[in-house]
*Asks:* 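What follows is a structure written as structure tokens; I'll ask about it next.
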Amino acid sequence: MGDEIRRNMALFPIGIVMKLTDLTARQIRYYEQHELIVPARTSGNQRLFSFNDVERLLEIKSLIEKGVNIAGIKQVMNPVSKESEDATVVSELSEVKRRELSDAQLHRLLKQQLIEKRPGKASMIQGQLSRFYNKK
DNA sequence: GTTCTAACA
DNA sequence: TGTTAGTA
């Protein structure tokens, strides 16, 4: 269960998630309004996304590209689980880590995340994140 | 400089 | 969805 916390650990601000997913801030916030994702918040009300959130966004993105609308996605995707909802917000700690998190470290985290042994989801996520982490 | 909410071309 | 206004 150590992996659970790692995936639900809120680490990145919307700017990084934009690069990771290739979605606009508008879209990301819009999907949150429709409860497709429930990112954590810092004490200053800034969103903090976890790997889980990024995965969900990538899944949403792929569905959108297939022509599915929000209503359709809501039916296909499981509602946000309770664990991923609260197993997070180490606000102070996360904010500190966020400052230290940059290119090199982000790549390391992404690689570590992508290498995890997960048959189903891993493949899709890897395909879409590879863009980001193979460049620069 | 970045992110947030709200609102409208 | 894009984009802009006014903040924090």
*Asks:* Taking the minimum atom-to-atom distance to the side chain of A:R47, which one of B:dC4, C:dG2, C:dT1 wins?
*Replies:*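 For A:R47, the side-chain atoms sit closest to B:dC4.
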*Asks:* Using whole Å, what does the distance between atom C1' of nucleotide B:dT3 and atom OH of A:Y30 come to?
*Replies:*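 Taking OH of A:Y30 and C1' of B:dT3, I get 21 Å after rounding.
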*Asks:* Take the protein atom CZ of A:R41 and the nucleotide atom P of B:dT5, then report the distance between them rounded to whole Å.
*Replies:*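 Rounded to whole Å, this separation is 4 Å.
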*Asks:* Looking at every heavy atom in both A:Y31 and A:L57, which two are closest together, and how far apart are they?
*Replies:*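 That closest heavy-atom pairing would be CD1-CD2, 3.9 Å.
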*Asks:* Decide yes or no for A:R47 and A:R41: does some side-chain heavy atom of the first lie under 4.5 Å from some side-chain heavy atom of the second?
*Replies:*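 With C-beta onward as the side chain, the pair touches.
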*Asks:* Please tell me which of A:R29 and A:R26 maps to the more 5' nucleotide of DNA chain B, matching each residue to the nucleotide holding its nearest heavy atom.
*Replies:*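 Mapping each residue to its closest nucleotide by heavy atoms, the 5'-most match is A:R29.
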*Asks:* In this structure, which stretches of DNA chain B are paired as stems of three or more consecutive Watson-Crick or G-U pairs, both distances less than 3.5 Å?
*Replies:*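 Only these stems qualify: B:4-8 with C:2-6.
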*Asks:* Using side-chain heavy atoms (C-beta onward) and a distance below 4.5 Å, is A:I14 in contact with A:I28?
*Replies:*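 Sidechains of A:I28 and A:I14: in contact.
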*Asks:* Using atom CG of A:D22 as one end and atom P of C:dT1 as the other, report the distance to the nearest whole Å.
*Replies:*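 Rounded to the whole Å, the gap is 14 Å.
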*Asks:* Out of curiosity, A:E32 CD to A:D53 CG, how far, rounded to the nearest 0.5 Å?
*Replies:*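 With rounding to 0.5 Å, CD (A:E32) is 9.0 Å from CG (A:D53).
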*Asks:* Within the side chain of A:K61, is there an N or O that forms a donor-acceptor pair under 3.5 Å with the backbone of A:D22?
*Replies:*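 No.
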*Asks:* Of the listed nucleotides (B:dT3, B:dC4, C:dT1), which one gets closest to any side-chain atom of A:P13?
*Replies:*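 Output: B:dT3.
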*Asks:* Starting at atom NZ of A:K19, determine the distance to atom P of B:dT3, rounded to an integer number of angstrom.
*Replies:*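 In whole Å, B:dT3 P and A:K19 NZ are 9 Å from each other.
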*Asks:* Using the side-chain contact (heavy atoms from CB on, under 4.5 Å) rule, take A:F49 and A:L20 through it: C-alpha gap first, then chi angles, then the decisive distance, then the call.
*Replies:* CA-CA 11 Å; A:F49 301 78; A:L20 252 37; over 6 Å; no
*Asks:* What is the nucleic acid contact for A:I64, judged by heavy atoms within less than 4.0 Å: base, sugar-phosphate only, or nothing?
*Replies:*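 Answer is sugar-phosphate: A:I64 comes under 4.0 Å of backbone atoms only.
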*Asks:* Distance check needed: B:dT5 C1' versus A:I28 CD1, whole Å only.
*Replies:*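 Distance, rounded to whole Å: 16 Å.
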*Asks:* Provide, to the nearest angstrom, the distance between the CD atom belonging to A:E32 and the P atom belonging to C:dT1.
*Replies:*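 After rounding, the reported distance stands at 15 Å.
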*Asks:* Using atom CD of A:Q33 as one end and atom P of B:dA7 as the other, report the distance to the nearest whole Å.
*Replies:*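 So the two atoms are 11 Å apart, to the nearest Å.
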*Asks:* Separation of A:L48 atom CG from B:dT3 atom P, in whole Å?
*Replies:*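 Going from CG in A:L48 over to P in B:dT3 covers 11 Å.
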*Asks:* Does a side-chain heavy-atom distance below 4.5 Å link A:Y30 with A:I70?
*Replies:*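 With C-beta onward as the side chain, the pair touches.
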*Asks:* Check this one for me: any side-chain N or O of A:Q46 less than 4.0 Å away from OP1 or OP2 of B:dT3?
*Replies:*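 False: A:Q46 side-chain N/O out of range (4.0 Å or more) of B:dT3 OP1/OP2.
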